[in-house]
Amino acid sequence: MLDIQTLRNDLDGVAARLATRGFVLDKEKFAQLEAERKNIQSRTQELQARRNSSSKLIGQAKAKGEDVSAIMAQVATLGDDLKQAEVQLGVVQNALQALLEMIPNSPHGSVPFGKSEADNLEVRKVGNIPKFDFAVKDHVDLGEKLGLDFDTATKISGARFSLLKGGLARLHRALAQFMLDTHTEQHGYTETYVPYLVNAESMRGTGQLPKFEEDLFKVPRQTIFDGGSTSFDGKTTTFNDNLYLIPTAEVPVTNMVRDEIVPLEDLPMKFVAHTPCFRSEAGSYGRDTRGMIRQHQFDKVELVQMVHPDTSYAALEQLLVHAETILQKLGLPYRVVKLCTGDMGFSSALTYDIEVWLPAQNTYREISSCSNFEAFQARRMQARFRNAQGKPELLHTLNGSGLAVGRTLVAVLENYQQADGSVVVPDVLRPYMGGKEILAP
RNA sequence: GGAGAGGUGGCAGAGUGGUCGAAUGUACCUGACUCGAAAUCAGGCGUAGCGUUUACGCUACCGUGGGUUCGAAUCCCACCCUCUCCGCCA
């Protein structure tokens, strides 16, 4: 969520920034809601002030045993006006809030302008692309012999699920363990184990709700109403008790600081979590249907930082290096791209993607996304720290994949394949594989 | 699933219809005392919004949402959460 003060002070400037990422801010609507809000709020508060002072007089008069009927009659005339004003104010404020929650983050000044991923900026290429003197296979063909079983997964669950057996399942686990150990032992992250089902408030905090509900798996609870309303005593109340499967560990981990004021000395906070991620992939029909590139369920090791606003961009560079380190240790070639304005995620101010080389596709594919959200998520979450002056201030949040485990598995298979269909286990993973050096059919 | 207790400021903890935005303690900040520190004394110390934007004034917030009332932390209803005991369970 953007700062409403900034919108009030510089509506045109904000709209221009947002336009670079293809978002059209409805300036007229905002201005109109703001004018209404101002008007109704002043009026409401004035009525409330009159009611409060009269009520206070009644209390004082009663204490002295005086007659209060005159004041009572006077204050009674406020009733309907005040109630109506309060209702109107609530309506306008809800509308403003709803508008604000649908506005994406404003891109950082250094983000290149562009419309799509074609306009992203390559920052660096690292590692040597392997040469093969035989026809390379993709991970599906390689995996078939090694324990990758889509047919059974489809029977059990459906499309976009996968099942691993034997050495491949162990390699998958080894990758996650290796990533966790590297980040905790060498990069200073605290390992966390977090819930995979979270409430709507958490999804709102990191920006998945209200705009991207269709991308999530929702888990309704029995006897609970679907965000709708129910009536009792002739009154109406709304409930929303749904839980959602996390699309990334970013959600539970970042929300650890929701509604908290953390001491200055606790910053920066650095957490790493290995979790499954669940995505409905609505709207991606037909894309990446082959293999385990795009799944409803995949594992990811996620890095999350909560930092002082002054240091968030330095922290992003570090976080990016932490993620790159995994690829370097695995000996996988990759490149880093800075996303252009049109390709960034809703909540991000600046995003680097790391793309790993996939020989069978003869191209780089996204394996990590590292973003600085500045105060965008913190404002939604009311996640603050106590600054040097002792005042609460919004902190900055960042996260990045370190890395997506399933796609890393794909990259290892394809880059370490041999002519006979076996796959060499990268050195750093062997301790996690019981010393095994080769995965053979 | 059943029974009970409870959710108040950074923390602890009072407050059952009216000078309560909230006592007191503690933590923190400032000053005094001290060579300095501790102890002691005095003062200050929640968040957000609105209007003038310095001084100030007003409004909202005591788990959440409704209701009763001229007036609600306090009364009523619903929901959420925490704790204790019983049952079931990995």
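We name chains A, B, ... by the order of the sequence lines, and we start the count at 1 in each one.
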Quiz question: by atom type and distance under 3.5 Å, do the side chains of [X] and [Y] form a donor-acceptor pair?
| X | Y | value |
| --- | --- | --- |
| A:N9 | A:T6 | no |
| A:Y244 | A:Q208 | no |
| A:E250 | A:T206 | no |
| A:S280 | A:D215 | no |
| A:K165 | A:T152 | no |

State the pairing partner of [N]; accept Watson-Crick or G-U wobble contacts with both distances under 3.5 Å, and report none otherwise.
| N | value |
| --- | --- |
| B:rA78 | B:rU64 |
| B:rC45 | none |
| B:rA55 | none |
| B:rC83 | B:rG4 |

B:rA60 phosphate, OP1 or OP2, under 4.0 Å from A:R51 side-chain N/O: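 A:R51 to B:rA60 OP1/OP2: side-chain N or O found under 4.0 Å.
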Distance below 4.0 Å between A:N52 side-chain N/O and B:rG71 OP1 or OP2: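 For B:rG71, neither OP1 nor OP2 has a side-chain N or O of A:N52 closer than 4.0 Å.
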Annotated protein contacts, base or backbone, on nucleotides 45-52 of chain B with a non-hydrogen cut-off under 4.0 Å, one of B, S, - each: --SSBSS-
Parallel, tilted or perpendicular: rings of A:H187 and A:Y189 (30°, 60°):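 Plane angle over 60°, so perpendicular.
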Spacing of the P atoms in B:rU68 and B:rC76 (rounded, Å):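 B:rC76 and B:rU68 have their P atoms separated by 15 Å.
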Along RNA chain B (nearest heavy atom to each residue), the more 5'-positioned of A:K62 and A:V75: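 That would be A:K62.
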Rounded interatomic separation in angstrom, taking CG from A:L264 and C1' from B:rC28: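 The answer, rounded to whole Å, is 14 Å.
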